[in-house]
Amino acid sequence: MRSKINLMNNIRLRFAPSPTGALHIGGLRTALYNYLLAKKHNGTFILRIEDTDQLRYVPGAEEYIIESLKWSGLIPDEGPGFGGAYGPYRQSERKELYQKYTQQLLDKGEAYLAFDTPEELDAERLKDPTFKYDARVRQRLKNSLALPAEEVQRRVSAGEPYVVRLKVRPNEQAVVQDQIRGEVTFDTNELDDKVLMKAGGLPTYHLANIVDDHLMEITHVIRGEEWLSSTAHHVLLYRAFGWEDSMPQFAHLPLILKPAPESFLHKENTPVLAQRLAQEFHKKHSDVPSAHFEKTEKFALQVLQDKANIAVSLKEKDKDEPEKAQLKAFLKDSLFGKLSKRDGDRLGFPVFPLSWQGEREDDSFVGFREYGFLPEATINFLALLGWSPGTDQEIFSLEELIQAFSIEKIGKSGARFDIDKARWFNQQYILKADTADLMDKVRPIIEANGHQPGDAFLHSFIDLMRERAVTLLEFWENGYYFFEPPRSYDEKNARKRWDAGRSGLFRQFVEGLSILPDFSASPIKAFVEGFLQDNELKFGEVFPLLRIGLAGTMQGPAVFEMMELLGKQETVGRLKKAFQLFDEWVAQG
RNA sequence: GGCCCGUUCGUCUAGGGGUUAGGACGCAGGAUUUUCAUUCCUGUAACACGGGUUCGAUUCCCGUACGGGCUACCA
């Protein structure tokens with residue numbers, strides 16, 4: 001047994017994702033908390049790939065997971081490609097180990113063989129929806145506990161497929177000491193005989209995770225709350241192996257939930273969302289006649305429009321027809337509960353750290369990185385989603401998070417995902433980032449749009465735009481006109497402010513600009529101010545027109561700085577062109 | 001349905017037997033500014049409900065409601 005003093009020494013934590021697709025943002029948070037606790041105590045952070053489900057295995061997912069961790073700065077100390085003395089770190093490469101330990105359990109009488117086919121079990125569940133493979137029913141089923149030994153032998157030698165199940169004893173208690181929730185007790189009468197070894201010879205998560213955590217000397221298991229229920233079985237497994245004394249400490253994290261419907265439902269997007277949900281519903285339930293689409297959409301819209309009562313209107317009623325009940329259930333799943341990959345493109349925000357290209361288009365997603373989020377900001381945002389330092393500090397570097405982190409400060413209740421908060425964090429990081437750093441990250445975006453800015457230009461551009469960009473992408477979106485002519489002009493405001501009578505005066509103004517010997521902000525300023533004074537013009541009569549002429553919009557950095565960066569030739573050219581356009585507009589009336 | 005977990009402003013949360021229940025995001029207003037943004041100031045808004053325990057409960061206990069998770073030869 002570990003002594004108390006020793007408890008936080010040499011701690012070993014693992015992040016154990018399954019390579020079934022892109023790593024969800026909730027998974028990244030789990031990785032982060034594992035990493036933080038490990039690093040806080042100079043422990044070891046391990047990556048283990050749980051690829052025991054060959055059916056759900058997705059090529060590229062492991063690489064994706066590793067790239068995501070690297071992007072986030074959570075570098076494993078051990079793991080596939082990272083070395084370590086406890087490998088291999090891919091469960092598919094540890095098959096013999098699981099077989100060996102399964103045999104151990106079999107020998108001890110803690111597990112048994114079961115020959116029931118999936119079809120037979122489905123039939124049982126059809127008969128009785130509450131069917132559970134447990135002590136009460138196993139005597140009447142096809143397993144090594146119920147069948148005569150000779151028959152078991154015969155079936156095995158005949159190569160008949162079987163699974164190995166944990167023999168759960170009735171009338172016992174499985175107690176989980178959870179670091180976040182305290183003591184959670186389960187009655188083994190409620191627990192089924194979980195499959196440990198699948199017919200294909202691969203272990204289930206339950207077995208693999210216990211064997212590996214034991215062999216890898218994992219001291220703390222931090223994982224999502226969806227695992228809390230099955231932890232009862234895990235405790236039983238440790239008991240069956242006789243490893244209870246070295247069982248890791250468990251901490252089950254509250255889940256990340258979908259954003260509150262009130263927060264994303266606006267007049268403009270409600271019909272769009274209703275339509276989208278209707279489409280998804282019909283796609284999922286092909287048995288529903290497509291002629292009902294309009295009806296579906298109408299109901300969805302009706303539900304969404306009454307923002308405050310969505311949950312109430314989706315409540316099942318006995319008199320609901322099956323199709324209505326189905327629709328309600330679908331909408332409820334789509335609008336409430338844990339954050340899912342669908343929510344991202346449905347609502348227009350990232351749910352994955354990095355973009356993911358699935359086989360089909362509807363299995364492809366844009367990541368935080370590609371949306372223009374900085375990894376530091378993403379991590380900071382995630383850290384505070386479910387954990388709090390107990391102080392008013394909001395901005396944390398990874399190093400600061402390590403110092404401040406503790407399991408006791410993790411919250412108990414689910415946290416709703418809030419993209420506005422994520423954006424705010426990103427803005428904070430952009431505001432204080434090194435210009436050189438931003439240059440490296442913004443340059444590819446500019447280049448992707450067909451421009452090759454020089455260092456000095458890019459440097460000034462970033463200084464001018466950083467207060468006006470919340471994401472990296474917005475440097476381009478809000479400041480593209482530094483690289484190419486405005487695509488459109490704020491016509492309404494131009495017309496309002498353009499006085500045809502002053503057309504000549506403005507031409508004179510451009511003329512003056514074009515002969516300035518030093519085209520930097522302060523001489524430009526001096527010139528413009530002088531011009532205004534000489535011609536008795538007010539700021540408000542000139543500046544907005546300059547802005548629109550230069551950038552197309554009334555928003556943007558200081559005009560003189562803008563002119564300096566654009567350069568004389570570009571400035572003069574754009575203004576000439578714009579003023580001519582304004583003249584035409586006004587002439588047209 | 002069964003089992004398990006949870007519930008403080010719209011959201012993320014601090015707090016905790018006696019507090020003007022604190023901060024942040026958002027939203028609204030104001031100041032600064034050639035616009036926008038940044039920055040600063042102000043405002044908005046919360047202890048789910050019902051019973052206990054107690055001199056006193058938002059805080060502790062029990063119910064109810066609501067939310068969430070699990071209920072596979074998936075993880």
Side-chain angles (χ1 to χ4, degrees), chain A residues 16-20 50-53 55-56 114 116-118 121-122 125 129-133 161-165 176 178 180-182 184-187 189-192 194-200 202-206 208-209 223-232 252 254-255 257 259-263 307-308 311 336-338 381 384-395 409 411-425 427 431 465-470 478 493 525 528 532 538-540 542-544 546-548 551 553-560:
Chain A
S18 188
T20 54
E50 310 235 336
D51 54 350
T52 55
D53 186 354
L55 259 37
R56 293 210 307 155
D116 317 84
T117 65
L121 295 176
D122 284 345
R125 288 185 195 104
T130 66
F131 172 81
K132 234 177 18 231
Y133 207 120
Y162 61 86
V163 300
V164 177
R165 285 183 182 270
V176 180
D178 191 89
I180 294 173
R181 282 150 224 285
V184 182
T185 307
F186 296 86
D187 183 339
N189 293 322
E190 303 288 346
L191 273 23
D192 67 339
K194 276 260 168 315
V195 170
L196 264 19
M197 234 347 148
K198 296 182 270 190
L202 278 169
T204 59
Y205 170 84
H206 306 294
N209 132 77
R223 70 209 328 181
E225 196 187 3
E226 69 266 32
W227 294 111
L228 183 55
S229 297
S230 44
T231 307
H252 289 93
L255 266 17
L257 273 18
E262 306 91 287
S263 74
K307 276 201 247 186
F336 300 97
K338 66 176 170 180
F381 163 67
L384 275 294
L385 203 58
W387 170 82
S388 135
T391 65
D392 284 349
Q393 187 177 351
E394 302 271 345
I395 302 298
K409 288 286 185 185
K412 291 181 171 62
S413 48
R416 289 220 148 95
F417 184 87
D418 180 1
I419 191 62
D420 283 327
K421 193 84 174 236
R423 285 172 55 81
W424 178 79
F425 274 109
Q427 183 177 42
L431 247 18
M465 288 305 294
R466 75 195 306 157
E467 285 173 1
R468 283 160 260 262
V470 170
N478 299 338
N493 273 302
K525 180 170 188 265
V528 174
L532 290 185
K538 292 189 200 104
F539 273 42
V542 176
F543 276 80
L546 295 180
R547 285 189 172 287
I548 296 173
T553 163
M554 301 230 295
Q555 308 175 349
V559 167
F560 305 128

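Being a predicted model, the structure only gives us computed values, none of them experimental. Chain letters run A, B, ... following the sequence lines, proteins first, then strands; residues in each count from 1.
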Q: Nearest to the Thr204(A) side chain among C74(B), G2(B), A24(B), which nucleotide is it?
A: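 Output: C74(B).
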Q: Could you please name the option among U35(B), C4(B), U34(B) that lies closest to any side-chain atom of Gln555(A)?
A: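 The answer is U35(B).
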Q: Could you tell me whether Arg466(A) contacts a base, only the sugar-phosphate backbone, or nothing, with contacts defined as non-hydrogen atoms closer than 4.0 Å?
A: nothing
Q: Can you work out whether Ser230(A) or Glu225(A) has the more 5'-proximal nearest nucleotide on RNA chain B?
A: Glu225(A)
Q: Return yes if the base of G69(B) and the side-chain atoms of Ser229(A) contain a donor-acceptor N/O pair under 3.5 Å, otherwise no.
A: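 When only heavy-atom distances are counted, Ser229(A) does reach the base of G69(B) through a donor-acceptor pair under 3.5 Å.
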Q: Does G67(B) have its OP1 or OP2 closer than 4.0 Å to a side-chain nitrogen or oxygen of Ser413(A)?
A: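 Indeed not, no polar side-chain atom of Ser413(A) lies that close.
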Q: If you check the Leu255(A) side chain, which of G69(B), G10(B), U35(B) turns out closest?
A: G69(B)
Q: Check whether any side-chain heavy atom of Asn478(A) lies under 4.5 Å from a side-chain heavy atom of Met465(A), and answer yes or no.
A: yes
Q: Might you point out which heavy atoms bring Arg181(A) and Glu225(A) nearest each other, and give the distance in Å?
A: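 That closest heavy-atom pairing would be NH1-OE2, 3.5 Å.
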Q: Say you pick atom P in U59(B) and the same atom in C27(B); how far apart are they, in whole Å?
A: 33 Å
Q: Any side-chain heavy-atom pair from Glu50(A) and Pro17(A) closer than 4.5 angstrom?
A: no
Q: Check every strand shown and say whether Thr117(A) touches a base, only sugar-phosphate, or nothing at a heavy-atom separation below 4.0 Å.
A: base
Q: Picking from G10(B), A75(B), G6(B), which would you name as closest to the side chain of Glu226(A)?
A: A75(B)
Q: By nearest atom, which of the nucleotides C25(B), C3(B), C5(B) is closest to the Glu190(A) side chain?
A: C3(B)
Q: Check the phosphate of U11(B) against Arg416(A), side-chain N and O only, distance under 4.0 Å to OP1 or OP2. Yes or no?
A: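 For U11(B), OP1/OP2 do have a side-chain N/O of Arg416(A) under 4.0 Å.
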Q: Watson-Crick or G-U wobble partner for C66(B), using a 3.5 Å limit on both distances?
A: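 Its partner is G6(B) (Watson-Crick or G-U wobble, both distances under 3.5 Å).
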Q: What is the nucleic acid contact for Ser263(A), judged by heavy atoms within less than 4.0 Å: base, sugar-phosphate only, or nothing?
A: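 The answer is nothing, as Ser263(A) stays clear of every strand by at least 4.0 Å.
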Q: Under 4.0 angstrom, heavy atoms only, what part of the nucleic acid is Leu55(A) near: base, sugar-phosphate, or nothing?
A: nothing
Q: Looking across every strand, which nucleic acid part, if any, lies under 4.0 Å from Pro19(A) by heavy atom: base, sugar-phosphate, or nothing?
A: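 No contact.
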Q: Would you tell me if any nitrogen or oxygen in the side chain of Lys198(A) comes within less than 4.0 Å of OP1 or OP2 on C74(B)?
A: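 For C74(B), OP1/OP2 do have a side-chain N/O of Lys198(A) under 4.0 Å.
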Q: Check the side chains of Asp53(A) and Tyr205(A) for a donor-acceptor pair under 3.5 angstrom, ignoring hydrogens and angles.
A: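 Result is no, nothing qualifies.
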Q: Name the pairing partner of A57(B), where a pair is Watson-Crick or G-U wobble with both distances under 3.5 Å, or state none.
A: none
Q: Choose from A24(B), U34(B), G6(B) the nucleotide whose nearest atom is closest to any side-chain atom of Arg181(A).
A: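 For Arg181(A), the side-chain atoms sit closest to G6(B).
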Q: Return the nearest nucleotide to the side chain of Leu228(A); candidates are U11(B), G15(B), C5(B).
A: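 Nearest nucleotide to the side chain: C5(B).
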Q: Taking only the C1' atom of each, what is the distance from C49(B) to A65(B) in whole angstrom?
A: 7 Å
Q: Side chain of Val163(A), heavy atoms from C-beta onward: which of U35(B), A14(B), C73(B) has the nearest atom to it?
A: C73(B)
Q: Going by purine N1 to pyrimidine N3 plus the second Watson-Crick contact, or the G-U wobble pair, all under 3.5 Å, which nucleotide sits opposite G26(B)?
A: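 G26(B) is paired, partner U44(B).
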Q: With a 4.0 Å cutoff (strictly under), does any side-chain N or O of Lys338(A) reach OP1 or OP2 of C70(B)?
A: yes
Q: Name the nucleic acid region contacted by Tyr205(A), choosing base, sugar-phosphate or nothing; use a 4.0 angstrom heavy-atom cut-off, strictly under.
A: base
Q: Counting any heavy atom closer than 4.0 Å, what does Pro544(A) reach on the DNA or RNA strands: base, sugar-phosphate only, or nothing?
A: nothing
Q: If we ignore hydrogens and angles and just use 3.5 Å, is the side chain of Arg56(A) paired with the main-chain N or O of Ser18(A) as donor and acceptor?
A: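 Looks like no, no N/O pair under 3.5 Å.
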Q: Can you say whether a donor on the side chain of Arg468(A) sits under 3.5 Å from an acceptor on the base of C36(B), or the other way round?
A: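 Yes, the side chain and the base share a sub-3.5 Å donor-acceptor pair.
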Q: In the strands shown, is A14(B) matched to any nucleotide by a Watson-Crick or G-U wobble pair with both distances under 3.5 Å, and which?
A: none
Q: What integer number of Å spans the P atoms of C9(B) and G23(B)?
A: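 Approximately 16 Å lies between the P atom of C9(B) and that of G23(B).
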Q: Taking only side-chain nitrogens and oxygens of Lys412(A), does any of them come within less than 4.0 Å of OP1 or OP2 of G67(B)?
A: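 The answer is no; no side-chain N or O of Lys412(A) sits under 4.0 Å from OP1 or OP2.
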Q: Pick the closest RNA chain B nucleotide for Glu394(A) and for Asp192(A) by heavy atoms, then say which residue is nearer the 5' end.
A: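 It is Glu394(A) whose nearest nucleotide is closer to the 5' end.
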Q: Remember a base hit wins even if backbone is also touched, and classify Pro557(A) as base, sugar-phosphate or nothing at under 4.0 Å, heavy atoms.
A: base
Q: Quick test of your reading of the model: are Arg416(A) and Asp418(A) salt-bridged, counting only N-O distances below 4.0 Å?
A: no
Q: Return the nucleotide paired to U19(B): Watson-Crick means purine N1 to pyrimidine N3 with N6-O4 or O6-N4, wobble means G-U with N1-O2 and O6-N3, both under 3.5 Å.
A: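 None - no nucleotide pairs with U19(B), as no candidate has both distances under 3.5 Å.
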Q: Taking the C1' atom of each, how far is U7(B) from U58(B), in whole Å?
A: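 Comparing C1' positions in U7(B) and U58(B) gives a spacing of 12 Å.
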Q: Is the distance from OP1 or OP2 of C73(B) to the nearest side-chain N or O of Arg125(A) less than 4.0 Å?
A: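 Checking C73(B) against Arg125(A), a side-chain N or O does come within under 4.0 Å of OP1 or OP2.
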Q: Could you tell me whether Ala199(A) contacts a base, only the sugar-phosphate backbone, or nothing, with contacts defined as non-hydrogen atoms closer than 4.0 Å?
A: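 Ala199(A): base contact, heavy atoms under 4.0 Å.
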Q: When rounded to the nearest Å, what value does the distance between P atoms of G18(B) and C61(B) take?
A: 16 Å
Q: Quick check for you: among A75(B), G26(B), C4(B), whose closest atom lies nearest to any side-chain atom of Phe186(A)?
A: C4(B)
